[in-house]
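Worksheet: the structure to be examined is printed underneath.
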Amino acid sequence: MNDYLLEISGLDKHFGGLPALSQVSFRAARGQVTALIGPNGAGKTTLINCLSGVIRPDAGEILFDGVNLAGLATHRLARLGISRTFQNLRLFPRLSVLDNVLCGLTTQAGDSLVEALLRLPGLRHRERRLKLQALEALDTFGLADKADLPAGALPYGDKKRVEMARAFVSQPVLTLLDEPVAGLNPEETAQIAGLIRQMRLSGKTMVLVEHDMELVMGVSDRVVVLDGGCRIAAGSPEEVRVNPLVLEAYLGRMSLTA
Ligand SMILES: Nc1ncnc2c1ncn2[C@@H]1O[C@H](COP(=O)(O)OP(=O)(O)OP(=O)(O)O)[C@@H](O)[C@H]1O
Ligand SMILES: [Mg+2]
C-alpha cells in the first residue's frame, strides 16, 4: 500500500482568468495531519473545494488511493470516504444537533447535504443504527447533552464541533478541515486541537487549513504553504516556521510566532 493517501500534481484553477491555483502539487500521508497554510486569498479553500468535488479543477491530477478524483462530483467523493467541514458553517439551524450529524451519514450514502436532509424523516425511523452512530459522534465531540437542541441555538464554538462531528461520523478515510478554530477563543481552540489529535491517534488522515499557527504547529505532521495560488514551501512545522519565503509571504499580514 502506498504511504500517501493523497497525491496532488499540477493542479490549476482559474476564476474569470485570474489564477486561484497554479500548478499546485503535494502529498498527504496516511494517518497524518497535513496542514495547508497561506495568507488570505492564497487558494486554500479553492484547493479543499477541488478535493471535495465542489469545484472542478482546470487541470491536474488528484490521486486518492491511486484513483484520479479530479472532476468527480461531491457525492462520488463522499462515497469514496472523503468528508469535510466548511470555513463558513453549513448547519441546518432549525434541525436538532443530532439530525445535523445524521446528515453526515446520509451524505455518505451518496447524497448532497440537501438531499440528505430530505431523506432524514424516513431514515430517522428506520435506521436505529445510524442514530446510535450519530450519538456516539456527539459524545466524542462533547455534544452529547445538546443532541436535541436546534443547531442554530448553540454558541459558535459548539457549532464548529457539530460540523466536525458531522464530518467524522461516517468514519471517513480522508477529512478536510477548513479553518476549524476560526473565531474560537483559546479554550475552545485547545478543545478542537485535542479532538484533532484524538482523530489522528485513531488513524484518521486529515488535511487541515488554518490561520492559527499555534494549532498548526501543534497538531500537524507536515505543512504545505500556498501564496497567490502557488506552493511556496513544504516541510515539517519546524522547517516551515523558519523558511524565509514563508516569512516573507506572511510579512505584515500575520505573525508566524503566534
Ligand atoms: N467562486 C469563486 N469565484 C471567483 N473567485 C473566487 C472564487 N472562489 C475563490 N475565488 C478567488 O480565488 C482566490 C483564492 O481564494 P480562496 O478562497 O481559495 O483563498 P483562501 O486561501 O481560502 O483564503 P482565506 O484564508 O481568506 O479563506 C481569491 O482571489 C478569491 O477571490
Ligand atoms: Mg479559505
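Both ligands and their constituent atoms are indexed starting at 1 by order of listing. Keep in mind that this is a model prediction, so the values were computed, not measured.
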F168 six-ring face occupied by R166 cation (under 6.0 Å, within 45°) |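 Because its charged atom misses either the 6.0 Å distance or the 45° angle limit, R166 does not stack over F168.
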
Electrostatic pair D3:R27 at N-O distance under 4.0 angstrom =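 Between R27 and D3 there is no salt bridge, as every charged N stays at least 4.0 Å from the carboxylate O atoms.
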
Residues which pass side-chain hydrogen bond (donor to acceptor under 3.5 Å, both in side chains) with [X], listed by chain and number, not counting sequence neighbours:
X	answer
R56	none
K13	none
S83	T175

Atom pairs and distances, ligand 1 N/O vs protein N/O under 3.5 Å:
unit_1   : atom_1 : unit_2 : atom_2 : d
ligand 1 : 18 (O) : T45    : N      : 3.4
ligand 1 : 18 (O) : T46    : N      : 2.9
ligand 1 : 18 (O) : T46    : OG1    : 2.6
ligand 1 : 19 (O) : G43    : N      : 3.4
ligand 1 : 21 (O) : A42    : N      : 3.1
ligand 1 : 21 (O) : G43    : N      : 3.0
ligand 1 : 21 (O) : K44    : N      : 2.9
ligand 1 : 21 (O) : K44    : NZ     : 2.8
ligand 1 : 22 (O) : T45    : N      : 2.9
ligand 1 : 22 (O) : T45    : OG1    : 2.8
ligand 1 : 23 (O) : G41    : N      : 2.9
ligand 1 : 25 (O) : N40    : ND2    : 3.3
ligand 1 : 25 (O) : K44    : NZ     : 2.7
ligand 1 : 25 (O) : H211   : NE2    : 2.7
ligand 1 : 26 (O) : N40    : ND2    : 2.9
ligand 1 : 27 (O) : Q87    : OE1    : 3.1
ligand 1 : 27 (O) : Q87    : NE2    : 2.8

Using 2.8 Å as a strict upper limit, say whether an N, O or S atom of N40 approaches the Mg ion (ligand 2) that closely.
->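 No, since none of the N, O or S atoms of N40 sits under 2.8 Å from the Mg ion (ligand 2).
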
From the Mg ion (ligand 2) out to just under 2.8 Å, does an N/O/S atom of Q87 turn up?
->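 A backbone or side-chain N, O or S atom of Q87 is under 2.8 Å from the Mg ion (ligand 2).
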
Quick one: which of R197, R30, R200 gives a salt bridge (Lys or Arg N to Asp or Glu O under 4.0 Å) with D221?
->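 By the salt bridge (Lys or Arg N to Asp or Glu O under 4.0 Å) criterion, D221 pairs with just one of R197, R30, R200: R200.
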
With hydrophobic residues grouped by side-chain heavy-atom distances under 4.5 Å, do Y156 and F141 end up in a single group?
->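 Yes.
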
